[in-house]
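What follows is a single structure, written as structure tokens, with notes after it.
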Amino acid sequence: MMKTEKSTWRKIPAAYYFLGLLLSIGMIYPSLQGCDVASNLSSNMQLVSSTSASEEPAQNCRRIFVDMGANIGMHSRFLFEPELYPASEKSVLEKMYKFLETYFGPPENRKPPSSESGICVFGFEANPQRESRLNEINNCYTSRGWDVKYMINAVWYEKSELLFKAQDGIGHGTASHLAKKNEAGVVKVDAIDIVEFMRNLRDKYNPEVVIGKLDIEGAEYQVLPALEKAGFLCANSKGAFQAITLEYHPRLVPEYPADWKVPQTFECEKRTELIHLDSEDYVKDGQKICSDPVSPGESPVNQPQTPFKLKLYIYDLPPYIMSELKDGMSRVKNHYWGTEVWIPELLRGSSVVTSNPEDADLFLVPYPGKARWMKGQQKPEAMDRFYIQVLEYIDILPYYSRYDGKDHVFIFAGGDGASRFPKWRDYIPQSIIMTPESGYLKGEKIVSYAPGRDVLIPGFVPDSLKLFEDFFHRENRKYLFFYAGKTQNVEIRQRLIDLYGGGNYSDIFVSEASMGRKEYLAKASDSKFCVIPRGISLWTSRFYELSIIGCIPVLLGTQWELPFSNRMAYHEFTLRFPELSVSQLRPLLSSISNDRYIAMRAALKQNVRRLMYDVKDTKGSAFDFIVEELSLRANNLRGMKLQARTSAVPGKNIDDGVGAGSGNGLWQLAYPIRRITHPPGFHYFGYFDKSPWSPDQTKILGGRVAVYDSDNPIDAIMEVGYTVVATGEWRTVARTTAFHYQQGCMLQWLGNSND
């Protein structure tokens, strides 16, 4: 039996990252020169009070990000191009992405031009050495329609001219900062009055949302009280910050204690959320700016090509398992959960299926659990029993246990994902799950969905082709937006009903009253936009149904990941707003121009077939995309399979808990370990986020020291070099006294060079 008491993956503790010694613009011990230099500020600083349209962002800056201490401007890149900068799970950057998504929506919502999204960025950086880089970002993003303006100014509580020492190091005392006196390497910089800037911002744009990032290395102790006194740390005040991510620096300004709090002098109902979050990821960027200039509204659909043709084996489950499900399967087949029946049926008629399991890349287990559930057998213990019966049958063959189920595929078509099988964690924790649900069920995380491993699939709309033919091309739609549905005790649905129900608006149709499907489709197809709030779970069939009838989907909430999102430009034909924006839906949707609406309709028409299951002609449909996704998974598994076949110890059971699993009859993978460094001296590589391996994997960087088990004297020397892996030969490149065991000297390979 394949049950394991816990997931067979070994849990490796996450690395503890040493944070806080990265590049930022410091403002420590500012030296005020005692004069008003407002007239000498750069022309860039005048943009929010200037009347010159050529210098300033568009008038439509409704949602504003203020980047204070911008360094090389990475946060605007995270905002507009997060796909270039992956974030590991639970990392600081992942938290920053969630912060940005909370206030600006998901990445696809941020791709349209600022004139449509309302998103603008104002940034300040004191280091003159960053001016060229930041101007490059300004010009690139302006050409793409994103209103971004970085300025070379220090952030302070009054206008002044300050002394600044520009440095480019990482660690104590090596970051750029304001200087205490005029010395070598110090230049004069103009400082803005951040309070005056915020007033100008408020008066000019009347923004709905303002958030900020503050990393000014000690100056926060002066800047934050000034903002608070002026009311800009009162979230419910006009033009104030709703939230700021920041880092305090008591080490740099010792007179302020580590537990220092911003004084509260301004009378306020809701104070700005100050979030301790020091995101200095990708401090060297690593991506070219505007290397592939693409109009934000014209992002190409990425169509990855797999290097091999998928071979899929489908288990033929015996009558004693399937015979009782015929009635249930007929019902499921014509329901939104029909993918559990239709996907196996379509796959059987395709060219990817092989009858020889020895040739298979993947194995599909075609058990329609929803059919069993619809027969009224919904108790958890009953569903467990039925799924375990299926697994006991396939365990007769050797294929599941070969790779611990990693190449086996299961379909769970409901909003509960694999939780339909309550003990899935014990039995199929590493298998590929196909599901429409990426997020939450009744407030709890659906942990069955793992991005990159599992496949998100569209929900099944039984009469999709007829709906498209009957409704998609309807013109002159009466309603601005539409929503009809029960509240299900979900707060956002109740808010929709309270705000827009009751017939208070002639151009809006919102109702919780019961209505037949014919009336529902008639009202929805007479609407430009269809609002889609979450229900008990995030996914909902209405997204697919309403897309098919030509109503532009408006998703409320940012958590739901859509199918094939790596290959479909959803931002071109959907809108997504935070749930907090529900009260602003009418002005938000009314502000969308007719030209933009027409373009979104055209993009929807181009993409909607990819969300439909055409059971008669699968070309270009959701089915084709699913096959491509499975092909990618199979390709990802190829290396693992090859390694297992070449390095496995046949017949070695792992009941002792050693290796990848426990008690599964798996092969134990024998990974050879050998020493590659040799005396004299001790070798190590000491930096947490840099790979020591050369691009061709033939050399490994390191440092060599004479001792390792005691504190180094101040004149201790480390040899900087690399080891030739094949021979173990150590080659010294340089010597340094600037090192310690935790961080070494930040060795890294440059680009694709192996030298």
Using modelled atom types and a 3.5 Å cut-off, is there a donor and acceptor pairing between side-chain atoms of [X] and backbone atoms of [Y]?
{"X": "Arg63", "Y": "Ser117", "result": "yes"}
{"X": "Thr272", "Y": "Phe241", "result": "yes"}
{"X": "Asp215", "Y": "Gly69", "result": "no"}
{"X": "Arg493", "Y": "Arg534", "result": "yes"}
{"X": "Asn153", "Y": "Phe124", "result": "no"}
{"X": "Asn504", "Y": "Gly501", "result": "yes"}

Using the side chain to side chain contact (heavy atoms under 4.5 Å, CB included) rule, take Met600 and Glu572 through it: C-alpha gap first, then chi angles, then the decisive distance, then the call. CA-CA 6 Å; Met600 294 185 76; Glu572 295 182 0; over 6 Å; no

Could you check if a side-chain atom of [X] sits within less than 4.5 angstrom of a side-chain atom of [Y], using non-hydrogen atoms only?
{"X": "Ile592", "Y": "Leu575", "result": "yes"}
{"X": "Met68", "Y": "Glu220", "result": "no"}
{"X": "Arg144", "Y": "Glu81", "result": "yes"}
{"X": "Arg601", "Y": "Ile552", "result": "yes"}
{"X": "Ile508", "Y": "Tyr483", "result": "no"}
{"X": "Leu224", "Y": "Leu214", "result": "yes"}
{"X": "Pro107", "Y": "Glu101", "result": "yes"}
{"X": "Leu585", "Y": "Leu556", "result": "yes"}

Closest heavy-atom contact between [X] and [Y]?
{"X": "Asn71", "Y": "Glu125", "answer": "N-OE1, 2.5 Å"}
{"X": "Ile275", "Y": "Ala243", "answer": "CD1-CB, 4.4 Å"}
{"X": "Pro207", "Y": "Gly239", "answer": "CG-CA, 4.3 Å"}
{"X": "Arg133", "Y": "Ile72", "answer": "NE-O, 2.8 Å"}
{"X": "Pro128", "Y": "Ile152", "answer": "CA-CG2, 4.1 Å"}
{"X": "Arg586", "Y": "Leu480", "answer": "O-CD2, 3.9 Å"}

Side-chain donor-acceptor pair under 3.5 Å between Arg77 and Tyr85, yes or no? yes

Passes side chain to side chain contact (heavy atoms under 4.5 Å, CB included), Phe197 versus Val155? Steps please. CA-CA 10 Å; Phe197 173 82; Val155 175; over 6 Å; no

Begin from the C-alpha positions of Glu83 and Lys111 and carry the test salt bridge (charged side-chain N to carboxylate O under 4.0 Å, His left out) through to its verdict. CA-CA 11 Å; Glu83 68 278 4; Lys111 291 294 185 184; 2.8 Å; yes

side-chain contact (heavy atoms from CB on, under 4.5 Å) partner of Phe232, the single match among Ile244, Ile194, Val195: Val195

Between atom [atom1] of [X] and atom [atom2] of [Y], what is the distance when rounded to the nearest 0.5 Å?
{"X": "Arg130", "Y": "Asn135", "atom1": "CZ", "atom2": "CG", "answer": "13.5 Å"}
{"X": "Arg110", "Y": "Leu100", "atom1": "CZ", "atom2": "CG", "answer": "5.5 Å"}
{"X": "Leu589", "Y": "Ser527", "atom1": "CG", "atom2": "OG", "answer": "11.0 Å"}
{"X": "Ser76", "Y": "Lys149", "atom1": "OG", "atom2": "NZ", "answer": "13.0 Å"}
{"X": "Ile211", "Y": "Gln242", "atom1": "CD1", "atom2": "CD", "answer": "8.5 Å"}
{"X": "Ser583", "Y": "Arg495", "atom1": "OG", "atom2": "CZ", "answer": "6.0 Å"}

Over 60° means perpendicular and under 30° means parallel, so tell me whether Tyr256 and Tyr221 are parallel, tilted or perpendicular. parallel

Parallel, tilted or perpendicular, judged at 30° and 60°: which one describes the rings of Phe573 and Tyr570? tilted

Any chance you could lay out the salt bridge (charged side-chain N to carboxylate O under 4.0 Å, His left out) test for Lys159 and Asp193, step after step, and finish with the verdict? CA-CA 5 Å; Lys159 292 177 183 177; Asp193 181 341; over 6 Å; no

Please list, chain by chain and in numerical order, all residues satisfying ring-ring contact (aromatic ring centres under 6.0 Å, His included) with Phe482, sequence neighbours excluded. Phe509, Tyr520

The residue among Phe577, Phe529, Tyr500, Tyr597 that forms ring-ring contact (aromatic ring centres under 6.0 Å, His included) with Phe481 is Tyr500

Using the side chain to side chain contact (heavy atoms under 4.5 Å, CB included) rule, take Val210 and Arg202 through it: C-alpha gap first, then chi angles, then the decisive distance, then the call. CA-CA 9 Å; Val210 182; Arg202 176 193 61 197; over 6 Å; no

Are more than 12 heavy atoms from other residues, nucleotides or ligands located less than 6.0 Å from atom CD of Glu491? no

Side chain to side chain contact (heavy atoms under 4.5 Å, CB included), that's the test. Do Val66 and Leu201 meet it? Break it down for me. CA-CA 10 Å; Val66 184; Leu201 206 67; 4.2 Å; yes

Give every donor-acceptor pair under 3.5 Å between a side-chain atom in residues 260-267 and any protein atom, sequence neighbours left out.
from, atom 1, to, atom 2, distance (Å)
Gln264, OE1, Arg271, NE, 3.2
Thr265, OG1, Glu228, OE1, 2.7

Can the ring centroids of Tyr141 and Phe80 be said to lie less than 6.0 angstrom from one another? yes

